[in-house]
2 protein chains.
Amino acid sequence: MEASGDKRAPLSRERIALAALAIADAEGLEALTMRRLAAELGAAPMAAYAHFADKRELLAEVVDAVMGEVDLPEADGRWRKPLRRLGMSFRSALVAHPAVMPAVHVCGARGANALTVIDRAHSILRAAGFPDEQVGRAVETIYAFALGSASLEIAWATLDPSARHAQIFALPRSAYPDLTAVMPHVLAVDVEDRFRYGLDRILDGLAGARRAR
Amino acid sequence: MEASGDKRAPLSRERIALAALAIADAEGLEALTMRRLAAELGAAPMAAYAHFADKRELLAEVVDAVMGEVDLPEADGRWRKPLRRLGMSFRSALVAHPAVMPAVHVCGARGANALTVIDRAHSILRAAGFPDEQVGRAVETIYAFALGSASLEIAWATLDPSARHAQIFALPRSAYPDLTAVMPHVLAVDVEDRFRYGLDRILDGLAGARRAR
DNA sequence: ACCTGAACACCGTTCAAGT
DNA sequence: ACCTGAACACCGTTCAAGT
């Protein structure tokens with residue numbers, strides 16, 4: 001499978017970033033070196049530097065490519081359902097590319113696609129009549145929650161199986177009595193459902209704040 | 001200033017991790033190399049490997065040192081105020097060590113101190129009579145939100161000033177009409193207050209779910 | 001403007017050796 | 001068991017050169 005397309009085609013920021021994403025997806029972020037990327041593109045090791053100032057700038061573009069996969073519901077006057085869908089889709093996009101997560105932390109998510117996602121979240125709330133002084137904080141709350149959820153989920157999924165097993169079955173009850181007591185209830189619920197639960201509680205809270213104004 | 005103590009004292013996991021944290025705090029995570037760490041400890045480059053299998057394991061210990069700074073309110077039967085304090089303190093600890101944040105993403109936060117924090121959050125809710133099937137998901141929601149908030153805040157703070165200025169003043173209104181319209185309202189509120197707002201909305205939502213049961 | 005190829009100054013880690 | 005010192009196989013990036 002040739003994810004990066006024809007090796008003869010001229011390089012571009014987009015083509016380079018997509019090739020980089022493909023490497024990270026397939027072999028992890030450690031495998032994404034400038035030399036490996038160049039090889040994948042059929043170019044010399046330094047070729048990408050004509051399009052990106054440094055590796056950090058490249059990683060920022062890779063993060064934004066992930067943000068481009070987020071579905072954007074219309075701002076049609078309703079808010080709860082579309083914002084919920086946006087949040088779910090945002091999480092899905094991050095979780096679909098676990099290797100990219102550390103780069104989100106280093107580079108943030110402030111590319112054109114990320115800003116489009118954030119703008120749409122604002123649009124949904126404004127179109128539904130939320131007051132402007134609540135809109136920004138509401139979006140930030142959901143954004144932070146979705147980002148943190150994806151990070152926790154990915155950290156857990158990429159833990160090696162023996163360590164994960166130990167965290168589930170070998171945690172000392174005496175040191176963590178309440179955590180160990182509750183754990184079975186948590187593990188009984190699918191990760192995506194747990195995310196949805198938290199998201200719904202946030203939406204409940206935002207609805208309440210709007211009424212209380 | 002000698003943060004790592006007497007160079008003659010024998011090495012230990014804790015002494016090494018604290019020296020590593022001091023380097024990251026002072027000069028950033030990139031400056032934290034095994035050689036630099038050894039120099040700080042007055043030891044040979046490979047000395048730390050007698051106590052840690054690899055650098056990742058060392059970073060996990062550094063993350064847990066940060067988690068050790070979280071204040072743990074008593075589980076005295078109330079839940080809203082103590083859980084709020086716990087969340088605030090968790091965020092503060094992460095924000096106080098911005099350089100460590102990327103390591104949280106790579107290593108997770110599953111050390112002894114992190115587990116103690118999580119256990120205490122469970123204790124607070126259980127002591128207040130929350131049903132067990134809600135407790136785990138409630139804690140996870142707050143944990144994810146606080147982690148994501150700290151990450152966003154740190155990413156923003158560590159952006160270089162010109163880029164930050166551009167994100168505030170040079171964002172095209174035509175492409176992001178609602179984001180740019182709302183931005184002034186967001187920037188008028190202090191970051192910590194914005195975190196508190198989101199946390200309060202989550203606590204509202206959790207309170208509602210408890211009543212609804 | 002875009003790409004090349006060699007070189008520089010690192011890095012984490014392996015290994016054989018010392019105490 | 002803990003620490004050393006040299007070496008290995010990398011890495012991102014600089015630089016001078018090509019088209």
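Residue pairs meeting the salt bridge (Lys or Arg N to Asp or Glu O under 4.0 Å) criterion with at least one member in residues 163-190 of chain B, sequence neighbours excluded: A:Arg126-B:Asp178. The salt bridge (Lys or Arg N to Asp or Glu O under 4.0 Å) contacts involving residues 101-114 of chain B comprise nothing, where partners must be two or more places apart or lie in separate chains.
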Summary of protein contacts for nucleotides 9-19 of chain D, nucleotide by nucleotide, where a base hit scores B, a sugar-phosphate-only hit scores S (4.0 Å, heavy atoms): --BBBB-----
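With sequence neighbours left out, the ring pair (Phe, Tyr, Trp, His ring centres under 6.0 Å) criterion links A:Tyr49 to no other residue. B:Asp160 pairs by the side-chain hydrogen bond (donor to acceptor under 3.5 Å, both in side chains) definition with B:Ser162, not counting sequence neighbours. Qualifying side-chain contact (heavy atoms from CB on, under 4.5 Å) partners for B:Arg35, counting only residues two or more places apart in sequence or in other chains: B:Thr33, B:Pro45. Applying the side-chain contact (heavy atoms from CB on, under 4.5 Å) test to A:Ser12 and every residue at least two apart in sequence or in another chain returns A:Glu14, A:Arg15.
For DNA chain D, runs of at least 3 consecutive pairs of the Watson-Crick or G-U wobble type, with both hydrogen-bonding distances under 3.5 angstrom, map to C:4-8 with D:12-16, C:12-16 with D:4-8.
Applying the 4.0 Å criterion to OP1 and OP2 of C:dC3, one finds that A:His51 has a side-chain N or O inside that range.
Not a single donor-acceptor pair under 3.5 Å links the side chain of A:Ser89 to the backbone N or O of A:Arg85.
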Could you give the side-chain donor-acceptor pairs of residues 111-118 of chain A under 3.5 Å, partners two or more places apart or in another chain?
from, atom 1, to, atom 2, distance (Å)
A:Asn113, ND2, A:Asp64, O, 2.9
A:Thr116, OG1, A:Ala112, O, 2.9

